[in-house]
Amino acid sequence: MKEINVIGQKRTDTGKKASKLLRKEGMVPCNLYGEKKGENGEPVAMAFTASLAELRKAVYTPHVYVVNLDIDGEAHKAIIKELQFHPTSDVLMHADFFEINETKAITVGIPVNLTGHAQGVRDGGRLALSIRKIDVTAPYKNIPEKLDIDVTDLQLGKAIKVGSLNFEGLEIATSKEVIVCSVKATRASRSAAAEAAAEE
């Protein structure tokens with residue numbers, strides 16, 4: 001996985017009013033969750049803030065990053081757990097991070113990258129991508145930037161399901177029945193098939 005650096009500062013005032021003031025200054029309220037748990041067994045978050053400019057490079061991108069957080073000089077490796085955006089302006093309002101290490105497995109959605117030229121497309125069909133990411137589980141060092149899926153042998157009217165895929169060192173967390181991509185018939189391909197049937 002690609003890595004990216006983000007600088008943050010701890011915050012003690014976590015109320016709505018304080019968060020509103022932070023956003024006015026171009027800052028985003030954030031939480032970092034990790035191994036630390038409270039008396040009730042729930043994860044305890046470290047509240048911090050980072051500039052929208054810093055977070056933009058990790059958020060507004062199709063890539064999935066390991067984020068190297070520097071919070072008041074403390075180093076933390078994390079992945080983005082959850083993002084909240086303004087409902088109308090799409091501006092980032094809040095970010096939750098989850099701390100990771102080299103041995104602990106994490107589950108994260110990785111972009112799908114279709115390779116090859118599908119046989120069904122050569123026969124006049126249209127390749128349709130149904131999901132953009134597949135959830136995989138592994139230590140972050142084993143997780144690739146993208147999942148390459150060869151569609152060369154995909155026939156007209158056929159689909160590739162998650163259950164037929166296998167990636168070394170990765171456990172697939174997305175349901176096996178989910179369709180990744182398919183080749184759908186077009187008007188041209190149906191006409192060609194009809195003509196071929198008529199000639200026979």
Is there a path from Val67 to Ile71 through hydrophobic residues (I, L, V, M, F, W, Y) whose side chains come within less than 4.5 Å of each other? yes

Report whether Tyr33 and Val108 are members of the same hydrophobic cluster (ILVMFWY, side-chain heavy atoms less than 4.5 Å apart, transitive linking). yes

Nearest-0.5 Å distance, NZ of residue Lys20 to CD of residue Glu25: 13.5 Å

Do any N or O atoms from the side chain of Ser182 and from the backbone of Leu127 form a donor-acceptor pair under 3.5 angstrom? no

Closer than 4.0 angstrom, basic N to acidic O: yes or no for Lys77 and Glu99? no

Taken to the nearest 0.5 Å, the spacing of Gln9 CD from Ile7 CD1 works out to 8.0 Å

With a 4.5 Å heavy-atom cut-off, do Leu92 and Leu52 have their side chains touching? yes

Is there a side-chain contact (heavy atoms from CB on, under 4.5 Å) between Val28 and Thr49? Walk through the geometry before answering. CA-CA 6 Å; Val28 178; Thr49 183; 5.6 Å; no

Would you call Val59 and Leu83 a side-chain contact if the rule is heavy atoms closer than 4.5 Å? yes

Exercise: identify the closest heavy-atom pair between Asn142 and Ala138: CB-CB, 4.1 Å

Checking the side chain of Ser164 only, and the main-chain atoms of Lys161 only, is there a donor and an acceptor separated by less than 3.5 Å? yes

Should Val64 and Met1 count as side-chain neighbours, where that means a heavy-atom distance under 4.5 Å? yes

Return the CG to OG1 distance between Leu114 and Thr152, rounded to the nearest 0.5 Å. 10.5 Å

Close side-chain approach of Leu55 and Ile80, heavy atoms under 4.5 Å: no

Which atom pair, heavy atoms only, marks the closest approach of Tyr60 to Asp90? OH-O, 3.1 Å

Determine whether a donor-acceptor pair (N or O, by modelled atom type, separation under 3.5 Å) exists between the side chain of Gln155 and the backbone of Gly120. no

Should we count CD of Glu168 as having more than 12 external heavy atoms under 6.0 Å? no

pair Ile100-Lys104: side-chain heavy atoms closer than 4.5 Å: no

Please check if the side chain of Arg23 supplies one atom and the backbone of Met93 the other of a donor-acceptor pair under 3.5 Å. yes

Sub-3.5 Å donor-acceptor pair from the side chain of Thr174 to the main-chain atoms of Asp135, do we have one? yes

So for atom NZ, which belongs to Lys146, do other residues, nucleotides or ligands contribute more than 12 heavy atoms lying within a distance under 6.0 Å? no

Specify the closest pair of heavy atoms between Leu154 and Cys181, including all atoms of both residues, with the distance to one decimal. CD2-SG, 4.1 Å

Is there a donor-acceptor contact under 3.5 Å from the side chain of His86 to the main chain of Thr88? yes

In one Ile/Leu/Val/Met/Phe/Trp/Tyr side-chain cluster, 4.5 Å: Val180, Val183: yes

Test Leu32 against His76 for side-chain contact (heavy atoms from CB on, under 4.5 Å), laying out the working first. CA-CA 9 Å; Leu32 174 64; His76 303 269; 3.6 Å; yes

If hydrophobic clusters are built by linking Ile, Leu, Val, Met, Phe, Trp and Tyr wherever their side-chain heavy atoms come under 4.5 Å apart, do Leu165 and Leu147 end up in the same one? yes

Please name the pair of heavy atoms, one in Phe97 and one in Ala78, separated by the smallest distance, quoted to 0.1 Å. CB-CB, 4.0 Å

With a 4.5 Å limit on heavy-atom distance, are the side chains of Phe167 and Ile149 in contact? yes

Do Ile172 and Ile134 have side chains that get closer than 4.5 Å, going by heavy atoms? yes

Nearest 0.5 angstrom please: Thr137 OG1 to Leu170 CG, how far? 9.0 Å

Given Gln119 and Leu156, is the side-chain contact (heavy atoms from CB on, under 4.5 Å) satisfied, shown in steps? CA-CA 7 Å; Gln119 180 61 50; Leu156 191 64; over 6 Å; no

Using only atom types and a distance under 3.5 Å, with no angle test, would you say the side chain of Arg122 pairs donor to acceptor with the backbone of His117? yes

Quick one: are Thr107 and Val136 in side-chain contact, heavy atoms under 4.5 Å? no

Verdict with supporting geometry, Ile143 and Ile106, side-chain contact (heavy atoms from CB on, under 4.5 Å): CA-CA 9 Å; Ile143 297 176; Ile106 58 170; 3.8 Å; yes

As an exercise, state the distance from CD1 of Ile160 to CD1 of Ile179, rounded to the nearest 0.5 Å. 10.5 Å

Which atom of Lys184 lies closest to which atom of Ala128, heavy atoms considered: CE-CB, 4.1 Å

Nearest 0.5 Å, please: how far is CG in Leu21 from NZ in Lys17? 7.0 Å

Partner of Phe48 under side-chain contact (heavy atoms from CB on, under 4.5 Å), picked from Asp72, Leu69, Asn31, is Leu69

